[in-house]
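Order of listing sets the numbers, starting from 1, for every ligand and every atom in it. Count residues from 1 along the sequence.
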Amino acid sequence: MTTLECLFCDRRRPFEIYNPFCPACGAPMLFAPSRGKKSVRSSATTAAERFADFLPLKKYDRTLSLGVGGTPLLRIGNVIDQFGLPEVYAKNETANPTASFKDRGTVVAVQKAIELGIKKIGTISTGNMAGSTAAYAAKVGFSCLVFVKEDTPQDKIVAAAIYGASIIRVKGDYGGLFRKSFEIGRRRGIAFMNSVDPFRIEGYKVTSYEIFEQLGPAAFRAKAPLMVFVPVSAAGHLIGLIRGFRDLHDLGLIPRLPVLVGVQASGCAPISRAFRRGSDRVERFPNPHTIAHAISNPTPPGGELALRLLRESGGSMMDVGETEIRRAHALMASREGIFCDPASATPLAAVLKLKRRRHLPQGARVVLIVTGSGLKAMEAVVDPAPLDIRPADLETLEEVL
Ligand SMILES: Cc1ncc(COP(=O)(O)O)c(C=O)c1O
Ligand SMILES: [Zn+2]
């Protein structure tokens, strides 16, 4: 039997497809792993298979993956030199099959759906989750219903619709839509795999395992901290990463947890604001406005859980302004050859902010999770970026050069 647990109420219950929330407090419930012995299969091909004992599946089936994971961890040497930073690496999640980290959660959630005999799935999305869920639905032959925010860029909508999913652009409050999707799911027999789906969150743990394998155990043993910066919206990804590092700690593979830093845009920073105030409660963020659309969520469903896990593990939250985001976004592309979306540039913006304020610990090692591709957020580069684009014809070419 698959069991879920609420970390706030210390309560367990069997998994219900259409309602993964705690009946007592309403918090998202997490997968409750069995207490049996778990080990790492070091000879397996992918990190998901090596750490399969830590995933909520009877068996991880690689043939149902579209090639998720195994993304590069790149040292961003040019930016390091320009700003005098310590060792900084970018975990380039844009290299996933549908160009974002969401595939890591989707591959696990979809395999769980197959185990449970489900054939209709759905999601609500600011864009990336739509594409990921729709692609996996196509792969395994499920139907897929996607609700997107009214202002979702057309590129992202097309990048989901192409897989055959039904897309509905919904006007109105995103938090309300999140709750309503589960009601609709129950009535119509559609399993909604949203941002804080318990199985999706387990899939995100594999990124932590890969960072451990790519950096090596010494990075976790060094005196100066290892810091992992990640953009945060609903907070499912952040929660998954913390759980992944905890698995490594429980196994005795790392002596202490890295410092996780969740990053939001100052124009929509409900979790960061609560963290700064020392509050356990995440209040709705009024009038959200940011270029980082993918993380613009005024009512993040995993916010309170994230605050709790961050505080327990010595992590923190930050937010960064629009100019800082735009600058980091341009730097990632023009100095490092990584074209990410603005949300994915917030970790670099946060590191540069800490450096400016002299808050970056001496000798720290830093990992930035670059969550999604810039090709799905072209509207962010149309105007303000200093692009060197000039017209010419065959006659004037030399002159223009
Ligand atoms: C590019 C990108 N980064 C980060 C996030 C935030 O992930 P989460 O909602 O799990 O916090 C999203 C979510 O849509 C995203 O698309
Ligand atoms: Zn509860």
Inset, instruction - Answer yes or no: is there an ion pair linking Asp341 with Lys376, defined by an N-O contact shorter than 4.0 Å? - result: no
Indicate yes or no: does an N/O atom of [X] lie under 3.5 Å from an N/O atom of ligand 1?
X	result
Lys102	yes
Asp341	no
Ala343	no
Asn128	yes
Ala235	yes
Gly236	yes

Legend entry - Proximal protein heteroatoms (N, O or S) of the Zn ion (ligand 2), under 2.8 Å: Cys6 SG, Cys9 SG, Cys22 SG, Cys25 SG
Is there a donor-acceptor contact under 3.5 Å from the side chain of [X] to the main chain of [Y]?
X	Y	value
Lys112	Pro56	yes
Thr123	Met193	yes
Asn96	Gly69	yes
Arg200	Asp103	no
Ser266	Val320	yes
Arg169	Glu150	yes

Inset, instruction - With heavy atoms of Thr126 as the reference, note each atom of ligand 1 found under 4.0 Å away. - result: 14 (O)
Inset, instruction - Specify side chain, backbone, both or neither for Ile295, according to which of its non-hydrogen atoms lie closer than 4.0 Å to ligand 1. - result: side chain
Inset, instruction - Report the part of Ser233 in contact with ligand 1, treating N, CA, C, O as backbone and CB onward as side chain, heavy atoms under 4.0 Å; options are side chain, backbone, both, neither. - result: both
For [atom], what's the nearest protein heavy atom and its distance?
atom	result
atom 3 (N) of ligand 1	Thr371 OG1, 2.7 Å
atom 9 (O) of ligand 1	Ala234 N, 2.9 Å
atom 10 (O) of ligand 1	His237 N, 2.9 Å

Inset, instruction - Determine which pairs satisfy ring-ring contact (aromatic ring centres under 6.0 Å, His included) with at least one residue from residues 188-216, sequence neighbours left out, and list them in order. - result: Phe15-Phe199, Phe51-Tyr209, Phe101-Tyr204, Phe147-Phe192, Tyr204-His237, Phe212-Phe220
Legend entry - Within-shell test, Phe101 vs ligand 1, heavy atom, strictly < 4.0 Å: yes
Inset, instruction - Identify, with sequence neighbours excluded, every residue that meets side chain to side chain donor-acceptor pair (under 3.5 Å) alongside Arg273. - result: none
Inset, instruction - Check whether the side chains of Ser65 and Lys139 place a donor and an acceptor atom closer than 3.5 Å, and report yes or no. - result: no
Inset, instruction - Verify whether the ring centers belonging to Phe142 and Tyr136 lie closer than 6.0 Å. - result: no
Inset, instruction - State which residues pass side chain to side chain contact (heavy atoms under 4.5 Å, CB included) with Ala269; sequence neighbours excluded, sorted by chain then number. - result: Gln264, Ser272, Phe285, Asp319
